[in-house]
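Side chains are part of it too, since the values below use all heavy atoms of this structure and drop only hydrogens, waters and symmetry mates.
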Amino acid sequence: MKTFIGILAVLISLAFISLLVLRIWDIQIITLQAIIRSSKTLVVLGIAAVLLIVYYGAFFRSSERLYNEDRGNRAHPKAGQ
C-alpha cells in the first residue's frame, strides 16, 4: 500500500511540475482555476477518507474477536478464524 501511495504521489507531483513548466513557457493545457478546484476537491476527498477510517476504527471494528489475550504476552489469533 505504501508503494502504491508513493507512486501516486510521484505521478501527481510530476503532473504539477510539468504543468508549471508549461505555464512558464506560456503554454496552457489547463487553467489555474481548474487546478485549484481539482486540488480543493482532492483535499476534501482526502479528509473524508481519513474521517471514515477513523469512524470505522472507533465504532465498527470489534478488537475483542481478533486476538486471544489468555495465551501469554504476545497477541495470538483466536482459533477457528
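When hydrophobic side chains of Ile, Leu, Val, Met, Phe, Trp and Tyr are connected at separations under 4.5 Å, Val10 ends up clustered with Leu14. Other members of the cluster containing Val44 do not exist, because no ILVMFWY side chain is joined to it at under 4.5 Å. Hydrophobic side-chain contacts under 4.5 Å tie Leu42 to no other Ile, Leu, Val, Met, Phe, Trp or Tyr residue.
Ile5 and Leu52 fall into different hydrophobic clusters, where Ile, Leu, Val, Met, Phe, Trp and Tyr are joined by side-chain heavy atoms under 4.5 Å apart, directly or via other members. At a threshold of 4.5 Å between side-chain heavy atoms, the hydrophobic network of Ile, Leu, Val, Met, Phe, Trp and Tyr places Leu22 and Trp25 in one connected group.
Not counting sequence neighbours, the partners of Ile47 by the side-chain contact (heavy atoms from CB on, under 4.5 Å) test are Val43, Leu51. Under the side-chain contact (heavy atoms from CB on, under 4.5 Å) criterion, Leu20 pairs with no residue, sequence neighbours left out. Taking the side-chain contact (heavy atoms from CB on, under 4.5 Å) definition, one finds that Ser39 meets it with Phe16, Ile35, sequence neighbours left out. Ala49 pairs by the side-chain contact (heavy atoms from CB on, under 4.5 Å) definition with nothing, not counting sequence neighbours.
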